[in-house]
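First the proteins, then the strands, lettered A, B, ... as listed; each starts at 1. Values below: all heavy atoms of this structure, side chains included; hydrogens, waters and symmetry mates excluded.
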Amino acid sequence: MARDERSVTPQSEDFSAWYNDVVFRADLVDRGPVRGSMVIKPYGYRIWELLQADLDGRIKATGHQNAYFPLLIPQSYMEREAEHVEGFAPELFTVTHAGGKELEEPLVIRPTSETIIGEMMAKWISSHRDLPLLLNQWANVLRWEMRPRMFLRTSEFLWQEGHTAHPTAADATAETMLALGLYQDVAVEAAAMASVPGEKTPGERFAGAERTFTIESMMRDGRALQAGTSHFMGTNFATAFGITYTSESGTAELCHTTSWGMTTRMIGALVMTHGDDKGLVLPPALAPYQVVVVPIGRGEQAAAVSSAAAVLAATLQRAGIRTHVDDRPQLSPGFKFNDWEMRGVPIRLELGPRELAAGTALLSRRLSYRQPDAAKEAIPLERAPDLLAAELAAFQAMLAQRAADFRDDHTVAANSWPEFAAGVAVGWVLALHCGEQACEDEIKTETTATARCIPLAGEPEQGPCIRCGKASAYGKRVIFARAY
RNA sequence: CGGGGUGUAGCGCAGCUUGGCAGCGCGCUUCGUUCGGGACGAAGAGGCCGCCGGUUCAAAUCCGGCCACCCCGACCA
């Protein structure tokens, strides 16, 4: 391949290869020794920490408390909810030995914690006064995946899982929607993604849930990615684990439970939502470095430039802007420009003798939507904190707008099968569907597209199924797409 | 599980057809010169050629077996 060794595979040539190039070259991740495992490197982990802090704040602000449950779960727990075990059995890691001896009962490494938390909830809840019980945990989970992909599907991943118990179905449903709303807010406000909240069709439901909701996001190859999910369990787990309470009138009642999760997959989603052929593009809200200062100059100039860079960085830090000075002496400015573009830093400031003399810094944006040729711009140093705060806010908003425009530009409403097939090859399709599983399966076989969600905001509409012509279900259009 | 591919220096690869001193580029170390879009020179360091066995005077190379990882589908956050 004639391509420069130092750049990445273009998206248009092979999106999948592009993704791999970027996550490694941007220094987000490395491969672990075990199939499907990953080492999240400091730069990638910082993104996770920022997302985590944002989401954790929202979770706590809505009355949930963090707790931590064990990694190891008795195998028998998994088997108590029939659909749940059936759904997860193929993915389980099982521990059969400990202390050099075979265990009497095998332990599974949690693929998710409904069962062990359900068991504990049953113990902790006895009265209607104990409800609602609003728990969350930050943890790692393990699932044996057939086809791993960095961040998107690894055998071990990090997430947050909320687990709540409520007296009534209405309360639990409200909680399910509340959690979905938190995810949508994080996705849009922090990650600048254009997610669509909706409900999963029955075939796409979580194992053991009565209703599953999702936020679906569009990646830059037109595929869909589930970026967060929230489940209404009804009384399924309460029945399996005996999560009951005594009501005000003294009767024994089953709780209604929920669970909801968002994962390190979000990092992959960020990459595929905003990235381009120069590499990663990070929204300021989640960028480890929002501004990178590149000092330019050697010899006599170096000292003056580097101290000015340090002063500038300190000033910006004080203003709450995550700033980094790239003072690596052995590397040329040009190398650094490319490096930080690869790593997705929103704004770069060049500081050399010319700027020093003029009392300015040369500002360069990682991406300029609708003005791809926008030039570098000199900004006065004394106004840098205010100007950069504004620039970062504008950059964040620009990315969100760009993602929304991209989603809308790649979404079509189809009323015929040819339209459907063509639409789903390049993006999302809104179509009426009969709701039958066999029909969904047929669509998948023919186009590889699946029902992503029934958008909450969809307009009421009835008509014939896009595939089989039977009467539509759900009362509105369904999003179909190829998915990750 | 099906299909394809790859295992040789930290990374990317060549060498294998036709057996004969283990190579190249990048990176790394030291010194010097450089620094406004991926700098240059000189001198260095770095190897269980995936593993096990076989053939041979001699195996990275030929033969047999095994293992691992990657990519494309089915499963999934």
Side-chain angles (χ1 to χ4, degrees), chain A residues 1 3-7 9 14 16-17 19-21 24-25 27 30-37 86-92 111-112 139-161 183 200 203-207 212 214-217 224-231 259-269 278-279 294-302 305-306 326-342 348-356 361-362 364 375-376 378 441 444-445 448 450 482-484:
Chain A
M1 182 109 301
R3 183 188 319 119
D4 189 329
E5 244 288 305
R6 297 166 302 191
S7 63
T9 308
D14 182 342
S16 183
Y19 176 81
N20 264 324
D21 287 353
F24 291 114
R25 297 286 301 281
D27 213 26
D30 204 349
R31 289 185 205 290
V34 176
R35 193 185 85 96
S37 68
E86 193 188 326
F88 279 104
E91 304 184 2
L92 292 179
T112 179
N140 59 339
V141 288
L142 267 74
R143 300 178 185 180
W144 185 253
E145 297 291 353
M146 297 186 211
R147 191 142 107 66
R149 224 152 141 37
M150 288 293 145
F151 291 115
L152 303 177
R153 215 171 26 241
T154 45
S155 52
E156 178 181 3
F157 58 89
L158 306 182
W159 75 352
Q160 149 286 125
E161 49 181 324
Y183 293 152
K200 285 291 189 187
E204 300 275 331
R205 264 181 212 142
F206 177 79
T212 286
T214 174
I215 58 169
E216 293 289 322
S217 294
L225 182 96
Q226 180 170 326
T229 178
S230 182
H231 315 291
S259 75
W260 26 279
M262 182 174 265
T263 79
T264 36
R265 168 181 275 191
M266 278 296 280
I267 297 172
K278 289 203 274 186
V294 178
I296 299 167
R298 262 285 145 158
E300 307 218 338
Q301 303 167 332
V305 166
S306 96
D326 186 353
D327 53 7
R328 294 175 290 178
Q330 73 280 20
L331 298 174
S332 70
F335 181 93
K336 292 176 183 179
F337 298 164
N338 284 289
D339 195 35
W340 292 114
E341 279 162 10
M342 178 69 71
R348 182 181 70 235
L349 293 178
E350 299 170 29
L351 200 59
R354 293 206 294 263
E355 285 73 30
L356 232 50
L362 202 54
S364 173
K376 300 177 185 181
D441 292 345
K444 181 171 187 181
T445 307
T448 76
T450 50
R482 294 169 305 143
Y484 279 97

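Across every strand in view, B:A60 sits unpaired, with no contact that passes the Watson-Crick or G-U test at under 3.5 angstrom. Nucleotide B:G44: paired with B:C28 (Watson-Crick or G-U wobble, both distances less than 3.5 Å). Here B:C69 sits opposite B:G5 as a Watson-Crick or G-U wobble pair (both hydrogen-bonding atom distances under 3.5 Å). Of the nucleotides present, none pairs with B:C16 by Watson-Crick or G-U wobble criteria with both distances under 3.5 Å. Both distances falling under 3.5 Å, in either a Watson-Crick or a G-U wobble arrangement, occur for no nucleotide opposite B:G37. Across all strands shown, B:C75 remains unpaired; no Watson-Crick or G-U wobble contact has both distances below 3.5 Å. In a base pair of the Watson-Crick type (N1 to N3 plus N6-O4 or O6-N4) or a G-U wobble (N1-O2 and O6-N3), with each distance short of 3.5 Å, B:U55 is matched with no nucleotide.
No contact: A:Gly261 has no heavy atom under 4.0 Å from any strand. Residue A:Thr445 is classed as having no contact, given no heavy-atom separation below 4.0 Å to the nucleic acid. Across all strands shown, A:Leu225 has no heavy atoms under 4.0 Å from either base or sugar-phosphate atoms. Base contact: A:Arg354 has a heavy atom under 4.0 Å from a base atom. If you check every strand for non-hydrogen atoms under 4.0 Å, A:Gly87 touches nothing. Among the atoms of the strands shown, none is found under 4.0 Å from any heavy atom of A:Gln301. Within 4.0 Å of A:Gln226, counting heavy atoms only, lie sugar-phosphate atoms of the nucleic acid but no base atom.
The CG atom of A:Leu331 sits 15 Å away from the P atom of B:C26 (whole-angstrom rounding). One can place OH of A:Tyr484 at 18 Å from P of B:C76, the figure rounded to the nearest angstrom. For the pair A:Asp339 CG and B:A39 P, the interatomic distance rounds to 11 Å; values are reported in whole Å. In this entry the distance linking NZ of A:Lys200 with P of B:C76 reads 10 Å, nearest Å. Counting to the nearest Å, the P atom of B:G4 and the CG atom of A:Asp14 are 19 Å from each other. When rounded to the nearest whole Å, the span between CG of A:Leu92 and P of B:C75 equals 18 Å. Protein atom CD of A:Gln330 is 15 Å distant from nucleotide atom P of B:G32, rounded to whole Å. We find that CZ of A:Phe24 is positioned 10 Å from P of B:G12, with the value rounded to whole Å.
Listed nucleotides B:C75, B:C71, B:G37 differ in distance to A:Phe337; the shortest reach to its side chain belongs to B:G37. When distances are taken from the side chain of A:Arg147 to each of B:G38, B:C76, B:C72, the shortest belongs to B:C72. The nucleotide whose nearest atom lies closest to any side-chain atom of A:Glu355 is, among B:G36, B:A39, B:C76, B:G36. For A:Ser332, counting side-chain heavy atoms from C-beta on, the closest listed nucleotide (B:G36, B:G38, B:C76) is B:G38. With B:G36, B:G73, B:C75 as the choices, the nucleotide that has an atom nearest any side-chain atom of A:Pro333 turns out to be B:G36. Looking at the side chain of A:Arg153, the nearest of the listed nucleotides B:G38, B:C76, B:G36 is B:C76. The listed nucleotides are B:C75, B:C76, B:G37; the one nearest the side chain of A:Arg143 is B:C76.
For the C1' atoms, the distance linking B:G3 with B:A59 amounts to 32 Å, nearest Å. Distance check on atom C1': B:G7 versus B:G47 gives 14 Å, rounded to whole Å. Spacing of P atoms, B:U61 relative to B:U18, comes out at 15 Å, to the nearest Å. The gap from the C1' atom of B:G38 to that of B:U34 amounts to 15 Å, rounded to the nearest Å. If you take atom P in B:A14 and the same atom in B:G25, they sit 15 Å apart, rounded to whole Å. B:C1 and B:A39: their P atoms are spaced 48 Å apart (whole Å). Comparing the same atom, P, in B:C72 and in B:G53 gives a spacing of 36 Å after rounding to whole Å. Distance check on atom P: B:C49 versus B:A60 gives 7 Å, rounded to whole Å.
Counting distance only, with no hydrogens placed and no angle test, the side-chain atoms of A:Arg35 and the base atoms of B:C69 include no donor-acceptor pair under 3.5 Å. Judged by distance alone with a 3.5 Å cut-off, a donor-acceptor contact links the side chain of A:Glu341 to the base of B:G37. Counting atom types as modelled, A:Lys376 pairs a side-chain N or O with a base atom of B:G37 as donor and acceptor under 3.5 Å. If you check distances only, the side chain of A:Arg348 does reach the base of B:G37 with a donor-acceptor pair under 3.5 Å.
A sub-4.0 Å separation between OP1 or OP2 of B:C70 and a side-chain N or O of A:Asn20 is absent. Residue A:Ser16 has a polar side-chain atom (N or O) positioned under 4.0 Å from OP1 or OP2 of B:C72. Between A:Lys278 and the phosphate of B:G37, there is no side-chain N or O to OP1/OP2 separation shorter than 4.0 Å.
Minimum heavy-atom separation, A:Ala378 to A:Leu362: N-CD1, 3.8 Å. Between A:Lys376 and A:Arg348, the shortest heavy-atom contact is CE-NH2, 3.8 Å. Across all non-hydrogen atoms, the minimal contact from A:Ala269 to A:Leu225 is CB-CD2, 3.3 Å. Of all heavy-atom pairs spanning A:Leu152 and A:Gly268, the tightest one is CD2-CA, 3.9 Å. Closest approach of A:Thr154 and A:Glu145 over heavy atoms only: O-CG, 4.1 Å. Listed here is the closest heavy atom pair of A:Asp21 and A:Thr9: OD2-OG1, 2.6 Å.
Nearest-nucleotide positions on RNA chain B place A:Ala17 closer to the 5' end than the other of A:Glu156 and A:Ala17. A residue-by-residue look at A:Gly32 and A:Phe151 shows that A:Gly32 has its nearest nucleotide of RNA chain B further toward the 5' end.
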Determine, stepwise, if the pair A:Trp144 / A:Arg35 fulfils side chain to side chain contact (heavy atoms under 4.5 Å, CB included). CA-CA 9 Å; A:Trp144 185 253; A:Arg35 193 185 85 96; 3.3 Å; yes

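Under the 3.5 Å distance criterion, the side-chain polar atoms of A:Lys336 are matched with a main-chain donor or acceptor of A:Asp326.
Distance check, rounded to the nearest 0.5 Å: OG1 of A:Thr229 to CD of A:Glu216 gives 9.0 Å.
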